[in-house]
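Here is how names work: the chains are called A, B, and so on, in the same order as the sequence lines, proteins then strands, and each is numbered from 1.
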Amino acid sequence: MVNRRCYERLVETCLLGSAVVAILIVFLIGAFVFIEGFPILSGHGLSFLFGKEWAPLQGVFGVFPMIVGTFYVTVGALILGVPVGLACAVYLAEYAPRWFAELIRPAVLLLEGIPSVVYGFFGVVVLVPFIMNQFGGWGFSLLAGAVVLALMILPTMIGISEDAIRSVPRTYKEGSLALGATHWQTIRKVMLPAARSGIMAAVVLSLGRAAGETMAILMVAGNVAVIPTSILDPLRTLTANVALEMGYAFGDHTRALFASGVLLLLIVMLLNTFLYLLPKRTGT
Amino acid sequence: MRTGMRVILRIEEIVVKGFLYFSVLVVFGSLGAIFVHIFYHGLGHINLEFLLAYPKDMGREGGIFPAIVGTGALVALALAVATPLGILAATYLNEYARSGRFIRIVRYGVDTLAGVPSIVFGLFGFAFLVIFCGFRWSILSGGLTLAFMILPYTIKATEEAIKAVPREYREASLSLGATRWQTVARVVLPAATPGIFTGVILALGKAAGETAAIMFTAGSSLTVPTSIMDPARSLPLHLYILVAEGISLEKAYATACVLIVLILIINTLATYLMRVMVAKRRGK
């Protein structure tokens, strides 16, 4: 009996240990990235964040073009991806016949499973030449990056907003229809507002995905560390900056890249905290 | 007036439906375009020799055997670490934890971990595993980095699966005099197995397609690794290098094809398991 109790204790401790490891990893990531990046953040501070010149070999580290690049390409991806993703979710939740929706779900999963290098590769061989031929310029551009990222956030956008729309209580819909509203009026004025917080969560998660994406954007955006002035200009994101230069960086240069990592981590934690503040239940 | 209103509503309904259909078409058209394009250009170059031969001339000629072995080794190590850890942590959170605050902290940590961009995992793996622990560029460093990256997915999938196990199962087991661990190990976890499996398989796909996290942790050696301390190159990284360094478009298409087929197999398996799970739940 005592033996058994000891055993149960032991098991519980092991389980607790595993849960603790999960938080420990988050803590370690924060600690290691921050410690490596701190000297640059404290030493260069504002000139790191707002400096417009990135010349690591001369010891000039200004990541402002990369911050702006990340911002532009993320906003671009949201502008393209959010309406289409949301429309798809509305269609699947409200209009599609059941068999079709069941058929689509694995396809969305597949879209999510395709490795980001494959998206990037597709961008390089199809999208970039297309943009170059149709609109001029170099092809590797803000536009190419935004389109590829928009494709990549679609599964997140569709999956989460569809769930949110489906979890709106049926009585809401029936009430609205009974009052004589059309199906679309019901969706726009009743269902979507009731599913608001879920849809917000989908947008925020998509934003995080787009801002944190590395390989695809690295392959199609051109990676010039200058603030773009048109959608056909190339740009460099924070993530691409790290991926490009980590291989040969040393000293302060490495620390500057870790400092970019700190910025990315801060963005994620900000978004995550925002998600926690969203109300959980719809409608009530 | 009334008929006018009705006509407007009718037109609105049609326009909206048009946009919804258009969105669905865009989403699945792009998925289809990616598949068709890559298969069309790549399938012809895939044969047994491509899969089983060593690359020659940086990958311009020959096959991708070392990259296949490298991917397998990295993914195997990642799963071997993340699966037990994830299952145990999720079990603790759902079956044992009594402190609400502890659960909230762990969940926040897990959500943060899920949102951390893969390149930041790469930075962390480089600073912590490669340099601090002295594991150098190796399968060990890369595999552990991947394990940290997929841990939140295994935890979340297990949590979902465990939550779906009816309470009566636990009550029946406990009332028969089973201890808590006996109940968890013999009743709850077996009932949750298909769900856990689905999560693990999707995590496998994520690990197999990852590039940014292992660029600076596993290295990019083109030899077949013989020990866990050897560097290795994974398939997605091989694809990236082929494209970014302009080595061979032909081989890049073929490699992308192999990756897509791999993801297709993984997703089919996951979808099948999900069906099994749903059928099981409906049957009871």
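- The only member of B:Thr154, B:Asn94, B:Val110 that meets side-chain contact (heavy atoms from CB on, under 4.5 Å) when paired with B:Glu159 is B:Asn94.
- If you measure heavy-atom distances from A:Glu8 to chain B, the contacts under 4.5 Å come from the side chain alone.
- The contact between A:Leu151 and chain B is made entirely by side chain atoms (from C-beta outward), counting heavy-atom distances below 4.5 Å.
- Under a 3.5 Å cut-off, the side chain of A:Ser116 and the backbone N or O of A:Ala216 do not form any donor-acceptor pair.
- Side-chain contact check for A:Tyr91 versus A:Leu86: every heavy-atom pair is 4.5 Å or farther apart.
- Heavy atoms of A:Thr214 lying under 4.5 Å from chain B belong exclusively to its side chain.
- Among the candidates B:Ala208, B:Ala256, B:Pro236, the residue making the largest number of heavy-atom pairs closer than 4.5 Å to chain A is B:Pro236.
- Ranked by non-hydrogen atom pairs under 4.5 Å with chain A, the options B:Leu242, B:Thr271, B:Thr211 are led by B:Thr211.
- Only the side chain of A:Arg209 comes within contact range of chain B, judged by heavy atoms closer than 4.5 Å.
- Looking only at side-chain heavy atoms (C-beta outward), A:Phe38 and A:Val262 stay at 4.5 Å or farther from each other.
- A donor-acceptor contact under 3.5 angstrom links the side chains of A:Ser176 and A:Thr186, judged on distance only.
- Ranked by heavy-atom pairs under 4.5 Å with chain A, the first of B:Thr91, B:Ile38, B:Leu9, B:Leu151 is B:Leu9.
- Looking at A:Tyr119, the atoms closer than 4.5 Å to chain B (heavy atoms on both sides) all sit in the side chain, from C-beta outward.
- Interface remark: of the candidates A:Leu264, A:Leu109, A:Leu271, A:Leu109 forms the most heavy-atom pairs closer than 4.5 Å to chain B.
- Between B:Glu12 and B:Lys17 there is no salt bridge, since none of the side-chain N atoms of the basic residue sits less than 4.0 Å from a carboxylate O of the acidic one.
- If you tally non-hydrogen atom pairs under 4.5 Å between each of A:Val90, A:Val20, A:Ile104, A:Leu205 and chain B, the highest count goes to A:Ile104.
- When each of B:Leu262, B:Leu93, B:Val120, B:Thr179 is checked for heavy-atom pairs under 4.5 Å with chain A, B:Thr179 comes out on top.
- Panel note: side chain B:His41, backbone B:His37; a donor-acceptor pair is recorded below 3.5 Å.
- With a 4.5 angstrom heavy-atom cutoff, B:Ala244 does not touch chain A via any of its atoms.
- With a 4.5 Å cut-off on non-hydrogen atoms, A:Leu238 does not touch chain B at all.
- Counting heavy-atom pairs under 4.5 Å between each of B:Phe148, B:Tyr108, B:Phe132, B:Phe121 and chain A puts B:Tyr108 at the top.
- Residue contact with chain B, scored on non-hydrogen atoms closer than 4.5 Å, involves the side chain of A:Val126 exclusively.
- Residue A:Val117 touches chain B through both its backbone and its side chain, counting heavy-atom pairs closer than 4.5 Å.
- Of the listed residues (A:Ile29, A:Val21, A:Val33), the greatest number of heavy-atom pairs within a distance under 4.5 Å of chain B belongs to A:Ile29.
- Both the backbone and the side chain of A:Leu111 come within contact range of chain B, with heavy atoms under 4.5 Å apart.
- In this structure, the side chain of A:Asn272 does not engage the main chain of A:Val268 through any donor-acceptor pair within 3.5 Å.
- Interface remark: A:Val84 contributes backbone and side-chain atoms alike to the contact with chain B (heavy atom separation under 4.5 Å).
- Classification of A:Arg5 and A:Glu12 as a salt-bridged pair fails, no side-chain N sitting under 4.0 Å from a carboxylate O.
- Centroid-to-centroid, the aromatic rings of B:Tyr253 and A:Phe121 come within less than 6.0 Å.
- The choice from B:Thr255, B:Ile260, B:Val106, B:Leu237 that makes the most heavy-atom pairs within less than 4.5 Å of chain A is B:Val106.
- Ranked by non-hydrogen atom pairs under 4.5 Å with chain B, the options A:Ile23, A:Ile158, A:Leu110 are led by A:Leu110.
- For chain A, no part of B:Ile87 is nearby; none of its heavy atoms comes within less than 4.5 Å.
- Heavy atoms from other residues, nucleotides or ligands lying under 6.0 Å from CZ of B:Phe22 number 12 at most.
- When heavy atoms are compared at a cutoff of 4.5 Å, A:Leu218 approaches chain B solely by way of its side chain, counted from C-beta outward.
- Two residues are said to be in side-chain contact when any heavy atoms from C-beta on lie closer than 4.5 Å; B:Lys156 and B:Arg107 fail this criterion.
- Heavy atoms closer than 4.5 Å to chain B are found in the side chain of A:Met219, but not in its backbone.
- Here A:Val125 is the residue among A:Val125, A:Thr254, A:Leu265 with the most heavy-atom pairs under 4.5 Å with chain B.
- In this structure, chain B has heavy atoms under 4.5 Å from both the backbone and the side chain of A:Met269.
- Using a distance-only test at 3.5 Å, with no hydrogens or angles considered, no donor-acceptor pair links the side chain of A:Arg255 to the main chain of A:Phe250.
- Residues A:Trp184 and A:Tyr95 meet the side-chain proximity criterion, which asks for heavy atoms closer than 4.5 Å.
- A side-chain donor-acceptor contact under 3.5 Å links B:Glu210 to the backbone of B:Ala212.
- When heavy atoms are compared at a cutoff of 4.5 Å, A:Phe122 approaches chain B solely by way of its side chain, counted from C-beta outward.
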